[in-house]
Each structure stands twice: as C-alpha cells, then as structure tokens.
Amino acid sequence: MIAERINQITRKIPAWPIYGVSLAWAVWLFYAGVTGLSGPDPIDALTNQTGILGLQLLIAGLIITPLRRYAGVNLLRYRRAIGLSAFFFVMLHFSVWLLLDLALRWDQIISDLSKRPFIMLGMAAVLILIPLAVTSNTFSIRRMGGSAWQRLHRLTYLAVPIAALHFAVGSKVLTTEPVLYLVAAFGLVLARLFWIKLRR
Amino acid sequence: MKLTASDVTPRALFLNRRAFIASMGALPLAGAARAASDLTPTSREDITSYNNYYEFGFSKEDPATAAQALTIDPWSVTIDGLVDRPGTYALADLLAGLTVEDRIYRFRCVEAWSMVVPWNGVPLAAILEKAGVQGGAKYVAFETVYRPEEMPGKGLDWPYREGLRLDEAMHPLTLMATGLYGDPLPKQNGAPLRLVTPWKYGFKSIKAISRISLVEEMPKTTWNMMAPQEYGFFANVNPGVDHPRWSQASERVVGAGLFGGRQDTLMFNGYEAEVAPLYAGMDLAANF
C-alpha cells in the first residue's frame with residue numbers, strides 16, 4: 001500500500017533535479033572550503049565530504065533493485081542520475097586529492113599509488129567507475145545491447161565494496177561510519193550475487 | 001642542590017652544545033628550508049578548534065565543545081616511581097618558582113598536517129627536578145586524567161598513556177605547557193598541563209597530565225598498544241620513515257587554506273640540530 005503510494009508520487013517527480021542538487025551541493029562544499037566555513041583544514045574536509053557523498057550515492061544506487069524487488073517501490077528512473085552523481089563526487093574527490101591535497105607533487109602521487117593499499121583501492125574504484133559513467137546513457141544501451149550493457153554494469157558490484165574498503169583502510173581509527181558503509185556495500189552486493197546465482 | 005646522574009647532560013648533546021646553542025637562537029640554520037625565525041604561529045582560532053582528543057570524540061571539532069566538561073580546577077599531579085620526593089603535587093606547587101617561558105614550536109601530527117603553536121610553559125626538566133629523579137630511572141611515563149563522567153569518548157584504551165626516554169624528557173626543548181598565546185591553555189588543547197615534544201608526532205604530546213612516573217622499563221603507550229606496527233614509542237618526525245598506510249614525506253599546513261598545498265616534512269620536524277644527537281647510531285626505521 002505504502003509502496004503504491006510512493007510509486008504514485010514519484011511518477012510525477014523527474015530525475016533531473018538530482019543533477020541540480022548534486023551540482024549545487026558541490027558548489028556549496030567548495031565555497032565552504034574557500035571561505036573557511038569548513039574549518040581549519042579545508043582540504044581534508046573537502047576530500048572527506050566529496051568521498052563520503054560519492055560512497056553514499058554509490059550505495060544508494062545499489063539499493064534501487066532490492067527496493068523494487070522486495071518492497072515494490074520503483075525508483076528505477078532515478079538510478080542513472082544517482083549513479084552519475086556518485087561518479088561526479090568520486091571524480092571531485094579524486095581531483096581534490098590530486099590537485100589540492102597532493103598539489104601535483106608527482107613523486108608522492110606515484111609513491112602513494114604504488115605503495116599505499118588504500119590509495120590503490122581508491123584508484124581501482126575510480127578506474128572501474130569510468131566506463132560505467134561513460135556508458136550511462138540510452139545511446140550506449142542501444143549500441144551495446146541490453147544484456148551486454150547489464151553485464152558491464154555489474155562492475156558496480158566490484159566498485160562499491162572497493163570504495164567502502166578504501167574508506168575503511170584509510171581511516172586512522174575504524175569508527176562506526178566506515179564500518180556501516182562496509183556492511184551496506186558488501187551486504188547489498190552479496191545479496192545481489194546470491195539472487196543472480198539463484199536465478200540461473 | 002645535590003646533583004645526580006639525571007642532571008648530567010647527555011654526552012651527545014654536550015659534544016654538540018655549540019651547534020645546539022646556535023640553532024636555539026634566531027639564526028637561520030645553514031641549508032634549512034624553514035628556520036626558527038620564520039615560524040608564523042597558526043591562528044588561535046585554528047589551534048583551538050582542530051584537536052585530536054578522542055576522550056571527547058573522534059571528530060576534530062568535538063573537543064572544542066565537549067572538552068569544556070572537564071574540571072581542571074583543582075588539579076594535582078601524582079609523581080611516583082624512581083624519585084626522591086614522590087607524592088601528589090597540587091599544580092600550583094608544581095609550578096611554584098618556575099618561570100613560564102614563551103616557546104613557538106612547530107607541531108606535526110602523524111596524520112600529516114602541521115601547525116605552529118606559541119606555547120607558554122616550563123621545561124619538563126624543571127618539574128622533574130622538584131621530585132628529584134633517581135639514578136636508576138631510564139624513562140618517564142605519563143598518564144592523562146581519566147574521568148568517564150566528563151569524557152564520553154571511546155575507542156582507545158583509557159587512560160591515555162605516553163612516555164619518553166629520560167634524555168628526551170630532560171632535553172631543553174621538552175616543555176610542559178600551561179598556556180597558549182599568553183592565555184591559560186584551553187581545555188581542548190590539554191589544560192591544565194600538557195607535554196610538548198616538538199620533534200615528535202603530536203600524539204606524544206600527552207594532554208591533561210595527572211601522573212608522571214619515573215621508571216626503569218620502557219613504558220606502554222596508548223597508540224603503540226592500539227596499533228604497534230603503525231605507532232612506535234619514539235615517534236620522531238621523519239620524512240624517510242612512512243606510516244604503513246600513508247606517506248610522511250610531506251604535510252598540509254593548517255590555516256593555509258584550500259589552495260595551501262603542502263610542504264616538505266623536515267627531519268625531526270625541523271629540530272634536527274637540537275635532537276639528532278639523542279639518536280646517534282640508532283636505526284630510526286626500526287625504532288620508529
């Protein structure tokens with residue numbers, strides 16, 4: 001009943017505001033960093049904020065199908081916007097790290113990428129998300145064919161847990177927040193893999 | 001005043017005393033990228049609003065508000081172990097007769113950010129002298145007060161513990177801070193008494209000290225107990241020895257803003273001339 005109600009309401013709400021909100025949010029975070037509103041270490045604040053938003057959106061994207069299957073709530077039309085917004089924040093997060101935090105200190109960037117597991121995990125997640133973002137449009141679905149496209153996009157099951165691990169491994173102390181994302185990411189992916197296996 | 005073994009200047013420091021004295025002044029060190037003279041203090045606002053003090057929460061913004069719950073008056077420090085005059089000293093008695101000095105020190109967190117802090121305090125050596133360090137003492141162990149009713153934070157094995165080798169403790173740079181920018185130390189910065197060892201990572205600079213023990217064995221320290229492969233006893237700032245999970249080659253400067261970038265981390269946080277003799281011959285990668 002509630003599911004029907006939600007579906008009725010969302011039928012009238014388009015997906016494009018998600019892009020607008022994401023952009024505005026990013027602009028606000030950047031503004032807070034420039035003006036000192038985000039505190040004494042704005043680079044760290046911006047890195048964390050963009051990373052966490054990216055991770056949250058990635059996890060939100062993974063919730064869409066289970067929500068539809070088990071609760072009857074259909075938010076499928078928002079998934080592309082959620083996924084692309086996630087990619088947007090992930091790329092912002094990566095750019096802040098590269099340009100503002102490490103400030104193009106290439107020797108340290110190379111060293112970090114080759115020696116630090118949590119940086120390697122982050123880089124892996126970024127690389128996996130790129131082809132997914134590039135193909136997040138109707139043209140790609142048509143060009144590749146629905147089932148090939150769907151198989152490619154199963155790479156999210158790899159990218160999201162890697163991103164959650166990146167956050168956890170990079171945290172100085174393992175607090176509740178990274179653990180929650182780990183549980184959500186791995187839980188959702190394992191549930192999906194199990195479902196796929198069942199259907200075979 | 002009867003001099004004991006602990007009053008003897010460490011040999012290495014004695015032999016290098018001229019270099020040491022020259023570098024303690026405002027003279028720029030030859031070849032040093034950042035000299036003592038160009039230390040611009042970080043703003044008071046930044047120093048007092050960006051604190052790692054897990055007794056009051058994990059977030060760096062937490063201590064500024066949560067630490068106000070700590071009662072710092074009355075305060076006493078228990079000094080025990082291998083000392084002539086063990087006991088529980090009222091803070092005022094501990095500081096009586098000692099001149100509070102202004103010390104502008106670099107502060108480097110293990111998380112790879114740094115500040116410049118204008119501390120006010122007294123040398124630790126002067127405080128230890130009041131208790132009278134005995135010959136057998138090799139290390140100084142410290143404890144932060146632990147008041148669960150005032151400290152809601154979790155995550156580490158309380159009370160917070162730290163320690164120094166005796167020569168590190170007696171070093172002229174080692175300060176017991178009681179103030180900041182000429183004002184009493186704010187609670188989030190470790191009031192009413194905290195250690196400052198500027199050539200070591202910030203976690204060595206234990207806050208709200210309630211106990212000092214002179215001991216023979218290397219004391220257990222909180223971060224080392226938490227993750228021994230990541231946090232060592234010495235924790236000397238060293239751009240050549242990385243944290244297992246991140247590099248220590250450079251640091252962000254707190255207060256430099258969004259476009260502040262980074263600066264190279266200096267060996268011993270820029271205090272190499274003053275403290276390197278303490279570690280002569282030591283493998284600094286093994287003894288991190």
message: At a 4.5 Å cut-off on heavy atoms, which part of A:Asp44 comes close to chain B: side chain, backbone, both, or neither?
response: both

CD/A:Glu177: more than 12 non-hydrogen atoms of other groups inside 6.0 Å: yes

- request: Check whether B:Trp246 gets within reach of chain A through its side chain, its backbone, both or neither, counting any heavy atom under 4.5 Å.
  value: both

message: So for atom CD1, which belongs to A:Ile9, do other residues, nucleotides or ligands contribute more than 12 heavy atoms lying within a distance under 6.0 Å?
response: yes

query: Which heavy-atom pair separates B:Gly261 from A:Ile43 by the least distance, and what is that distance?
result: N-CD1, 4.1 Å

- line: When rounded to the nearest 0.5 Å, the distance separating NZ of A:Lys172 from SG of B:Cys109 is 5.0 Å

- request: Identify which part of A:Val169 has an atom lying under 4.5 Å from any heavy atom of chain B, answering side chain, backbone, both or neither.
  value: both

query: Does any heavy atom of chain A fall under 4.5 Å from the side chain of B:Val253, the backbone, both, or neither of them?
result: neither

- request: Answer yes or no: does atom OH of A:Tyr70 have more than 12 heavy-atom neighbours from other residues, nucleotides or ligands under 6.0 Å?
  value: yes

- line: On a heavy-atom basis, the closest approach of A:Ser171 and B:Arg245 is O-NH1, 2.7 Å

query: Would one find more than 12 heavy atoms of other residues, nucleotides or ligands at under 6.0 Å from atom OH of A:Tyr31?
result: no

Residues, nucleotides or ligands: over 12 heavy atoms within 6.0 Å of B:Glu101 CD: yes

message: Walk me through whether B:Phe58 and A:Val173 qualify under side chain to side chain contact (heavy atoms under 4.5 Å, CB included).
response: CA-CA 9 Å; B:Phe58 284 123; A:Val173 185; 4.1 Å; yes

field: chain A contact via B:Arg262 - side chain, backbone, both or neither, heavy atoms under 4.5 Å
entry: both

- request: Rounded to the nearest 0.5 Å, what's the gap from CG on B:Asp242 to CZ on A:Arg116? Could you check?
  value: 4.0 Å

- prompt: When rounded to the nearest 0.5 angstrom, what is the spacing between OG in B:Ser250 and CG in A:Asp101?
  reply: 8.0 Å

query: Counting heavy-atom pairs under 4.5 Å to chain B, which of A:Leu99, A:Leu102, A:Leu46, A:Asp112 comes out on top?
result: A:Leu102

message: Using every non-hydrogen atom in the two residues, find where B:Gly257 and A:Pro42 come nearest and quote the distance to one decimal.
response: C-CG, 3.5 Å

task: Report, as yes or no, whether the 6.0 Å neighbourhood of atom CH2 on A:Trp25 holds more than 12 heavy atoms from other residues, nucleotides or ligands.
output: no

message: Is it the case that over 12 heavy atoms from other parts of the model lie below 6.0 angstrom from the CZ atom of A:Arg143?
response: no

- prompt: Checking B:Met226 against chain A: side chain, backbone, both or neither under 4.5 Å from a heavy atom?
  reply: side chain

message: For A:Val34 versus B:Leu258, what's the shortest heavy-atom pair and its separation?
response: CG2-CD2, 3.6 Å

query: With the threshold set at 4.0 Å, does a side-chain nitrogen-carboxylate oxygen contact exist between B:Lys60 and A:Asp41?
result: no

